[in-house]
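All values below come from the heavy atoms of this structure, side chains included, with hydrogens, waters and symmetry mates left out. Just follow the structure's listing: the first ligand is 1, and inside any ligand the first atom is 1. These numbers were taken from a predicted model, which means no experiment stands behind them.
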Amino acid sequence: MNIVCVAGARPNFVKIAPILGALEANDAVNATLVHTGQHYDQAMSQVFFDELGLRSPDHFLGAGSGTHAEQTAAVMVAFEAILNDHQADALVVVGDVNSTVATAMVGAKAGLMVCHVEAGLRSRDWAMPEEINRVVTDRLSDLLLAPSADAVDNLKAEGYRPDQIHLVGNVMIDTLLTHLGTARERNVAARLGLAERFGVVTLHRPSNVDDPDTLDGLITALAKLSAVVPLVFPAHPRTIRLLENLKDRCDPRNLKLIDPLGYLDFLSLVDASALVLTDSGGVQEETTVLGVPCLTLRESTERPITVTEGTNRVVGTEPTRIIEAAQDALSRPATPTQPHGWDGKAASRCVDVIIETLQIADRPRPTDAIRDIDA
Ligand code: UD1
Ligand code: UDP
């Protein structure tokens with residue numbers, strides 16, 4: 001079985017690592033790894049390959065940055081050329097980035113069995129580019145590998161056939177559980193000279209960092225909060241550029257603005273922290289498992305299980321509300337939780353489903369998904 005796996009951006013590397021490992025452990029599988037090049041800085045790409053034990057990609061598409069159309073199109077054109085040279089049976093895509101939807105589109109039209117890992121998450125915010133990517137990727141996919149029961153419910157409500165949907169759990173947590181011990185030995189907080197109690201910030205959503213008023217309000221909140229609890233902010237490259245004119249408003253002793261961290265350093269830092277303020281999807285999940293209070297600085301989340309079962313609260317972007325929620329979170333102990341299937345075995349469940357489905361000659365196709373109104 002020839003199975004092509006795609007990764008292109010920071011969170012993709014964290015998700016694909018355990019899947020590639022599980023595929024390569026199966027003698028019947030020949031796995032090909034494609035890196036689209038959506039993320040390319042050392043700190044956004046290579047460090048994940050080094051730290052997660054990901055082998056070098058078989059193909060690097062070099063798509064790079066650009067507008068949505070430029071980036072999506074660059075991935076599609078380069079990926080189609082790769083597929084033309086492969087007798088692939090299946091395509092595995094993860095998450096919700098432009099590389100995910102671009103390669104799913106090409107794979108579906110090439111007749112591959114498209115498998116979406118992290119299917120069914122919905123923020124219901126159509127202004128989020130990732131929401132468009134999620135919905136379209138699911139529609140292009142034969143197999144919908146869902147991380148949580150809410151994602152399964154979303155897919156059922158959208159009319160997907162039950163045999164397409166599989167609750168497999170969370171592959172990002174597989175990676176976390178594999179590397180947590182090593183990360184804890186790094187003691188990054190001490191290396192960065194942080195106080196015993198500190199908070200971690202990450203921001204990169206366009207709705208937060210590309211909108212000057214929203215970013216201004218967020219910096220106001222962070223500057224005030226950092227007088228209560230020191231904060232460290234490993235800033236995404238998109239965000240670093242935009243923070244240039246705002247960083248003078250923060251006391252650098254209380255709010256440390258640093259470059260993006262590698263996976264192990266970031267995990268070590270979050271694990272040791274008292275609070276996380278973020279707009280990241282993956283970080284909402286990781287804080288749930290680590291038992292670190294998380295404030296999501298957005299109006300919605302596509303990961304509601306991190307709120308209902310975990311440590312997450314969706315608090316929006318208004319400064320007063322953020323500061324109140326942070327003070328409240330700091331005053332309450334949080335406990336680690338592992339939602340169903342967030343147990344370190346999600347990737348092997350994904351691979352079992354993929355292989356079993358590939359072995360069925362007359363496998364279901366997404367075009368069969370339209371239901372009779374009386375069915
Ligand atoms: C992308 C994903 C987002 C995901 C995030 C993870 C889409 C639509 N967005 O957002 O869902 O949460 O990755 O981090 O796919 N840049 C660099 N170096 C790099 C990569 C990017 O400097 O290695 C800069 C470039 O100026 C680029 C900007 O960051 O224009 C944005 O990069 P891009 O991949 O387009 O989107 P992200 O904001 O990273
Ligand atoms: N991460 C990292 N270094 C950082 C910030 C995040 O290694 O400085 C990791 C984080 O632990 C998680 C992933 O990157 O595994 C999340 O990626 P990101 O927040 O960029 O994307 P999202 O999850 O929002 O799509």
Can you find a side-chain donor-acceptor pair between Asn2 and His86 that sits under 3.5 Å?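 No, no side-chain donor-acceptor contact under 3.5 Å.
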For this output row, return yes or no: ring centroids of Phe79 and His59 closer than 6.0 angstrom.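 Here the rings of His59 and Phe79 have centres that are no less than 6.0 Å from each other.
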Please check if Leu243 and Met44 belong to a single hydrophobic cluster, counting links between Ile, Leu, Val, Met, Phe, Trp and Tyr side chain heavy atoms closer than 4.5 Å.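 They do not share one cluster, since no chain of ILVMFWY contacts under 4.5 Å joins Leu243 to Met44.
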If we only count N/O pairs under 3.5 Å, is [X] in contact with ligand 2?
| X | answer |
| --- | --- |
| Met172 | no |
| Val14 | no |
| Ser280 | yes |
| Arg10 | yes |

Partners meeting side-chain contact (heavy atoms from CB on, under 4.5 Å) with Asn26 (sequence neighbours left out):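 Once residues adjacent in sequence are excluded, the partners of Asn26 under the side-chain contact (heavy atoms from CB on, under 4.5 Å) criterion are Ala28, Val29, Ile355.
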Among Glu302, His204, His39, closest by any non-hydrogen atom to atom 18 (P) of ligand 2: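 It is His204 that holds the nearest heavy atom.
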Could you name the option among Glu286, Met44, Glu118, Arg303 that has the heavy atom nearest to atom 12 (C) of ligand 2?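 Nearest option to atom 12 (C) of ligand 2, by heavy atoms: Glu286.
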Quick test: of every protein heavy atom, which one is nearest to atom 23 (O) of ligand 2, and how far off is it to 0.1 Å?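 Checking every protein heavy atom, the shortest distance to atom 23 (O) of ligand 2 gives Gly282 N, 2.7 Å.
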Could you check atom 21 (O) of ligand 2 against the protein and tell me its nearest heavy-atom contact, residue, atom and distance included?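 Result: Pro11 CG, 3.4 Å.
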Classify the contact between [X] and ligand 2 as side chain, backbone, both or neither, using a heavy-atom distance cut-off of under 4.0 Å.
| X | answer |
| --- | --- |
| Arg205 | side chain |
| Glu130 | neither |
| Phe266 | side chain |

Kindly determine whether Arg303 and Glu118 satisfy salt bridge (Lys or Arg N to Asp or Glu O under 4.0 Å), including the steps that lead there. CA-CA 11 Å; Arg303 292 161 162 92; Glu118 208 181 84; 3.2 Å; yes
Counting only heavy atoms closer than 4.0 Å, does ligand 1 sit against the backbone of His39, its side chain, both, or neither?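 Within the 4.0 Å criterion, His39 contacts ligand 1 through backbone and side-chain atoms alike.
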Distance-minimising heavy-atom pair for His236 and Leu203: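 In this case the closest contact between His236 and Leu203 is CB-O, 4.0 Å.
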